[in-house]
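These notes are about the structure you will find just below.
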Amino acid sequence: MKTIFIATAITVTTGLIVWQCWPQSEDAKTQQQTTATSSGAVVSGKPERERTASWPPPFPESNEERKFVPLLPTGPQLSAAQSLVATRDGDPRTPPMEHNQTTQELPSAAELTDPKAYQQYESRQSARLYAAYVQAADEELPRLREAIARARDMGIAAADIAKGEEKLRRITAMQRQLLNEHPELQNAGATKTGLK
């Protein structure tokens, strides 16, 4: 019984000592300083306004009135529904879309039933694709070379010019590879004007 009483007394005493020594929050310190001031003691330090204010202050204190600058008009004020109706036929500023006029050849019923005939159909489709690439490269390579020359004359950064030269190199390499693997593309009207 005595040990329980002694243990309880030691626990309570330790708790009180820890509570007295524990660091106090800013509110408790301010409250103690206010109590000390009202009892006649002189408090040295910052004024009351600075002691209780949060740091950093939420807004810089200024005696000037805030000035609001009106935004420039961005266009007619339309509701969402009116804006949707206005764009129903498309935005007039967009360039016209270029649709591919060539129609894809579909396999016939006989080609669908015969595996060898279907392989021939796939070969024709691949040849058309390769021929279209070679023809597009013939048209695009001269334009790309001119654009690179203009960029050099204008003093464009070397890294940007290198991107264009890499694109030119890859298109040329792919065109050469297709012409080497499929010599019939040279005879089918695809010229080698893009190759140098």
Side-chain angles (χ1 to χ4, degrees), residues 54-60 62 64 66-196:
S54 63
W55 185 256
F59 296 105
S62 173
E64 295 179 16
R66 289 199 179 125
K67 296 178 184 176
F68 293 100
V69 179
L71 294 175
L72 296 174
T74 57
Q77 299 298 323
L78 299 174
S79 69
Q82 291 170 328
S83 174
L84 182 63
V85 168
T87 59
R88 179 165 295 176
D89 296 324
D91 190 347
R93 298 171 294 176
T94 58
M97 294 186 81
E98 191 174 309
H99 296 285
N100 188 2
Q101 299 299 328
T102 59
T103 57
Q104 183 177 357
E105 175 192 353
L106 297 176
S108 66
E111 290 172 331
L112 288 174
T113 56
D114 184 17
K116 290 188 179 190
Y118 191 77
Q119 284 179 347
Q120 291 174 351
Y121 163 76
E122 285 183 330
S123 297
R124 284 195 314 271
Q125 293 301 317
S126 296
R128 285 179 66 182
L129 177 68
Y130 299 152
Y133 184 90
V134 169
Q135 181 183 1
D138 282 341
E139 295 170 4
E140 188 61 29
L141 288 174
R143 282 186 275 200
L144 192 54
R145 286 188 183 102
E146 289 173 14
I148 291 171
R150 265 186 315 211
R152 282 195 185 109
D153 293 341
M154 293 172 56
I156 303 291
D160 294 332
I161 294 174
K163 289 179 187 176
E165 289 172 339
E166 177 65 15
K167 182 177 182 181
L168 177 71
R169 187 192 65 75
R170 287 183 180 207
I171 292 173
T172 305
M174 181 58 123
Q175 185 184 36
R176 283 187 180 141
Q177 178 184 349
L178 287 174
L179 289 172
N180 288 339
E181 292 175 359
H182 305 280
E184 67 274 5
L185 294 177
Q186 294 174 359
N187 301 334
T191 62
K192 296 174 73 175
T193 58
L195 297 177
K196 287 188 178 179

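In plain terms, the two heavy atoms of Thr113 and Ala110 that are nearest each other are OG1-O, 2.9 Å. Heavy-atom minimum distance, Ile161 versus Ile156: CD1-O, 3.5 Å.
Taking a 6.0 Å sphere around CG of Asp89, one finds it holds 12 or fewer heavy atoms contributed by other residues, nucleotides or ligands.
In this structure Arg169 satisfies the salt bridge (charged side-chain N to carboxylate O under 4.0 Å, His left out) test together with Glu166, sequence neighbours excluded. In this structure Gln177 satisfies the side chain to side chain contact (heavy atoms under 4.5 Å, CB included) test together with Met174, Glu181, sequence neighbours excluded. Applying the side chain to side chain contact (heavy atoms under 4.5 Å, CB included) criterion to Lys163, with sequence neighbours excluded, gives Asp160. Residues satisfying the side chain to side chain contact (heavy atoms under 4.5 Å, CB included) test with Ala117, not counting sequence neighbours, are Glu111, Asp114. Qualifying side chain to side chain contact (heavy atoms under 4.5 Å, CB included) partners for Glu140, counting only residues two or more places apart in sequence or in other chains: Arg143.
Applying the ring pair (Phe, Tyr, Trp, His ring centres under 6.0 Å) definition to pairs two or more places apart or across chains, none involves residues 140-166. Each ring pair (Phe, Tyr, Trp, His ring centres under 6.0 Å) pair with one or both residues in residues 123-158, not counting sequence neighbours, appears once here: Tyr130-His182.
Note that CD of Gln175 and CG of Asn180 are 10.5 Å apart. Values are rounded to the nearest 0.5 Å. The CD atom of Gln135 sits 11.0 Å away from the CG atom of Leu185 when rounded to the nearest 0.5 Å. With rounding to the nearest 0.5 Å, the separation of CG in Leu141 from CD1 in Ile171 is 5.5 Å. To the nearest 0.5 Å, the span separating CD on Glu146 from CD1 on Ile148 amounts to 11.0 Å.
A donor-acceptor contact shorter than 3.5 Å is absent between the side chain of Tyr121 and the backbone of Ser108.
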